[in-house]
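Shown next, in structure tokens, is the structure this report addresses.
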Amino acid sequence: MELEKELNTQQLKAVLNNENSLLIFAGAGSGKTRVLTYKIAYLIKEKGFDPFEILAITFTNKAASEMKKRVIELVGKVGQYMWVSTFHSFCARLLRKEISRFGYNEKFIIYNSAESLKLISKCITDTGYDLKTVSSKSVQEVISTSKNKLMNHESFSKKAFDPFEKIVARIFPLYQNELFKANALDFDDLLFLTVKLLKNNPDVKEKYQNQFKYILVDEFQDTNLVQNELIVLLHDGSNKIFVVGDDDQSIYSWRGAEVSNIINFDKNFSNTKIIKLEQNYRSTKFILDAANKLIKNNFSRSKKELWTQSHEGELISKFRAQNEQEEAKFAAKKIKDMIESNSDKSFRDFAIFYRTNAQSRAIEEIFIRESIPYRIFGGLKFYDRKEIKDMLAYLKVISNPKDVISLTRIINVPTRGIGNTTISHIEKFSRNNDITFCEAFYGIERINTVNPSTRKKIRDFIDILDELRDYLDNHTIEETIQQLWEKTSYIKELVIENTIESLNRVDNLKEFLTVVKEFEENRSLIQENNKLSLHDFLQEISLVSEVDNYDENADTVTLMTLHNAKGLEFPVVFIVGLEEGIFPHVRSMTGGSDDVEEERRLCYVGITRAKEKVFLTSSILHYIYGDQRERLISRFIGEIPEELFIDENENISLLYPYGKDDNYVANRKPVFQFGNNERYSGQKNINTDEFSGKSKNFKRSSDGSLKKKKDFLDFKVGDVVEHKLWGSGEILRTKKSSDDLELDVVFKSVGLKKILASIAPIKKIK
DNA sequence: AAACGGGAAGAGTTT
DNA sequence: CTTCCCGTTT
């Protein structure tokens with residue numbers, strides 16, 4: 001390891017300093033990942049630290065595995081014994097060992113936001129409130145904020161002041177008790193309980209203080225009070241703290257992140273020192289200039305300026321489109337052009353960032369039309385699909401019989417004759433006898449109000465769950481899931497249903513099985529002869545984020561929110577929707593100026609993801625709630641000096657990227673005058689359907705992807721069609737549905753398939 | 001118990 | 001425009 005060759009002076013200081021608690025101010029692209037990995041490698045190889053003594057906290061699981069991989073490359077296989085994870089995963093791992101001190105069982109499960117929301121709704125109605133007057137979302141937010149400030153329900157109710165807080169104060173303890181009874185933790189509990197554990201149990205605290213001789217935290221600007229407290233508790237004065245952060249990239253204050261954690265670093269830790277990394281190795285000079293100029297508009301920030309030795313590169317492009325579709329077309333056109341003229345460019349080099357998930361739709365529509373491959377992060381996730389949630393609910397109940405939310409989810413899935421009436425009987429019984437719903441359920445024979453045949457059905461269901469629990473003892477999770485399908489007829493029911501939708505679900509379930517298999521195989525690679533336990537598996541599933549699954553090898557354009565973009569880099573970056581009210585978002589503009597500053601930081605993060613080229617685009621007309629509104633151009637564009645821009649609108653040919661036989665038109669007169677736009681008004685409306693914003697030619701399918709409909713009227717029985725994947729096949733049957741045509745097609749390659757004429761990739765060949 | 005339809009409400013970012 | 005919830009029907 002030749003550190004002097006690999007690192008600059010400041011980076012080297014950060015790696016070699018073993019005396020102080022270190023705060024590294026690391027600007028965007030200043031090589032902080034490099035510093036972190038070399039630091040760890042240095043500690044292990046040169047300073048004799050045991051990997052087991054090193055704790056590294058990252059923002060995503062993806063970053064964690066990346067770091068682990070790089071360290072292993074530098075120090076060899078011993079690196080795998082390091083603790084590298086997110087805050088949440090770290091806490092879950094720790095609690096898995098120690099949680100019995102709080103009366104929970106070590107097989108606790110983790111509720112995601114949706115599951116916690118359900119439980120909160122239940123508590124609201126149980127308290128006698130109406131969900132219409134007391135919004136479960138608001139309650140959830142208040143409870144979450146409270147826990148993130150280290151307040152439990154008792155200290156919260158003491159401080160509850162306004163009427164809504166008083167209401168929450170009644171619901172909060174109930175919710176906490178329900179979680180306890182279900183042996184479940186929500187995301188905030190993971191952190192909260194870990195801090196409580198260390199605070200209340202000096203022996204445990206000392207144990208971990210002694211174990212972790214070196215604690216490294218990445219993205220420190222986005223830590224909240226609890227997370228900071230956790231690190232403070234783990235620091236005993238003799239072990240070392242090494243945190244990396246950049247106040248200009250703080251974008252999670254709405255989630256409780258406190259930049260003050262950086263400012264108070266020297267107060268919280270002993271013998272501190274600050275090292276600044278200001279040389280940027282990622283972006284060209286023009287890009288960095290623009291980012292610097294933009295962020296200078298923020299009042300509250302520590303003084304620093306990134307610089308680079310790299311060449312000026314290309315100017316930033318700006319483009320003001322007529323509407324979102326045209327904005328997306330501009331991106332599509334640019335991407336295609338750049339790939340065509342640059343042999344070293346391919347789709348994976350491009351990323352499109354937006355402020356809100358809903359903005360992805362316009363881009364998706366155009367990209368499908370233009371055959372540009374893309375992957376979208378966020379939005380409807382794999383684990384959010386009904387059938388996958390059902391499977392996870394089954395597994396959670398198998399792992400933890402007390403999990404009431406999961407139990408009620410699957411109680412009648414697939415339908416087994418246990419309806420709402422039965423459920424309310426059980427609920428009533430549990431209330432009257434002061435036992436939990438689950439206890440009442442498992443002792444169903446005692447509930448006389450439920451008729452005997454239904455009781456038998458419930459007993460059969462409980463038996464299935466018990467059998468599966470036994471089965472798991474001697475089998476893998478993958479095998480248990482297959483057994484589950486067998487016993488519950490879950491797949492069978494879907495196959496019998498025999499619709500596009502249901503068969504698609506079957507495919508998703510098979511994909512799920514593959515995921516499970518990979519999980520188990522990975523585990524056995526890392527720890528030989530160590531079977532992946534079900535609760536470990538469920539824990540990992542609950543804590544992975546979408547970005548964690550990002551695969552840079554796939555050759556597709558990346559679509560994601562600006563928040564998701566943190567920590568990534570791309571040669572070419574588009575930021576779309578730079579309009580007042582969108583970005584900066586309206587909700588940030590009504591509050592204090594702090595909020596707009598956070599939006600500006602978000603924009604800064606977006607721009608600094610780019611290595612070579614940045615496009616900042618906006619559109620004049622924008623749909624919200626099906627209503628088209630005019631949008632002013634974002635202030636952020638105005639804050640970047642004009643001389644750093646190329647105005648793409650001046651190149652008028654771009655406005656008609658598809659030639660005259662394309663059915664593109666600007667279907668409205670421009671509201672604002674810009675550049676040479678007379679040609680807009682010269683256009684007449686022709687076939688404006690597809691781009692009028694109504695999007696009726698697109699359909700969101702069950703797997704969350706957007707499919708383009710096409711004219712389906714001319715398919716009939718006996719036609720031979722060509723399918724993109726399955727080759728040729730013959731139509732056996734057609735069935736008209738409300739707005740589509742279902743086809744039964746026999747393919748030579750795969751046999752009988754049900755497909756939707758409008759969205760399947762087929763064309764008639766005979 | 002499930003399927004259907006009307007009507008109201010709703011999209012800011014996420015571990 | 002979309003989604004979700006609730007009441008009605010089969």
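All chains are named by letter (A, B, ...) in the order of the sequence lines, taking the proteins before the strands, and each is independently numbered beginning at 1.
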Can you give me the N/O atom pairs linking the protein to nucleotides 10-13 of chain B at distances under 3.5 Å, or say none if there are none?
unit_1 : atom_1 : unit_2 : atom_2 : d
B/dG12 : OP1    : A/R587 : NH1    : 2.8
B/dG12 : O4'    : A/H585 : NE2    : 3.3
B/dG12 : N2     : A/R355 : NH2    : 2.2
B/dG12 : N2     : A/E599 : OE2    : 2.7
B/dG12 : N3     : A/R355 : NH2    : 2.8
B/dT13 : OP1    : A/N357 : N      : 2.8
B/dT13 : OP1    : A/N357 : ND2    : 3.1
B/dT13 : O4'    : A/R355 : NH1    : 3.2
B/dT13 : O2     : A/W254 : NE1    : 3.1
B/dT13 : O2     : A/R355 : NH2    : 3.2
B/dT13 : O2     : A/H563 : NE2    : 3.4

* Could you let me know what B/dT13 is paired to, Watson-Crick or G-U wobble, both distances under 3.5 Å, or none if it's on its own? => none
* A/K132 NZ to B/dG7 C1': how many Å, rounded? -> 11 Å
* Given the rule in the side chain to side chain contact (heavy atoms under 4.5 Å, CB included) test, do A/K118 and A/R409 qualify, once you have shown the distances and angles that lead to the verdict? -> CA-CA 10 Å; A/K118 269 192 190 165; A/R409 180 184 181 94; 3.8 Å; yes
* With a 4.0 Å cut-off on heavy atoms, is A/D188 in touch with a base, just the backbone sugar-phosphate, or nothing at all? -> nothing
* Between A/Q221 and A/E219, a side-chain donor and acceptor under 3.5 Å -> yes
* Within the structure shown, what part of the strands sits under 4.0 Å from A/N112 by heavy-atom distance: base, sugar-phosphate, or nothing? -> nothing
* Once you round it to whole Å, what is the distance between C1' of B/dT15 and NZ of A/K62? -> 17 Å
* A/E540 side, atom CD; A/I110 side, atom CD1 - distance, nearest 0.5 Å -> 10.0 Å
* Asked: If the C1' atom of C/dC5 is compared with that of B/dG12, how far apart are they to the nearest Å?
  -> 24 Å
* To do: Can you measure from CG (A/L602) to NE2 (A/H585) and round to the nearest 0.5 angstrom?
  => 11.5 Å
* To do: Check every strand shown and say whether A/S113 touches a base, only sugar-phosphate, or nothing at a heavy-atom separation below 4.0 Å.
  => base
* Asked: A/N148 CG to B/dT14 P: how many Å, rounded?
  -> 16 Å
* Structure fact -> Here the distance between atom C1' of B/dT15 and atom CZ of A/F59, to the nearest Å, is 7 Å
* Atom-to-atom span, CZ of A/F377 to P of B/dT15 - whole angstrom -> 12 Å
* Structure fact -> A/D130 atom CG is separated from C/dC5 atom P, nearest whole Å, by 13 Å
* **B/dA1 OP1/OP2 closer than 4.0 Å to side-chain N/O of A/R416** => no
* Asked: Can you tell me how far P of C/dC1 sits from NE2 of A/H622, to the nearest Å?
  -> 16 Å
* To do: Kindly confirm or rule out a cation-pi arrangement of A/R609 over A/F353, judged by NZ or CZ under 6.0 Å from the six-membered ring centre and within 45° of its axis?
  => no
* Asked: P atom, B/dT13 versus C/dC4: distance in rounded Å?
  -> 15 Å
* Is it true that the side chains of A/S360 and A/E364 contain a donor and an acceptor less than 3.5 Å apart? -> yes
* Structure fact -> Rounded to whole Å, CD of A/E141 lies from C1' of B/dT15 at a distance of 15 Å
* Under 4.0 Å between any heavy atoms, over every strand shown, what does A/I110 touch: base, sugar-phosphate, or nothing? Just pick one. => nothing
* Charged N to carboxylate O below 4.0 Å: is that the case for A/K147 and A/D186? -> yes
* Counting Watson-Crick and G-U wobble pairs only, both distances under 3.5 Å, name the nucleotide matched with C/dC4, or none. => B/dG7
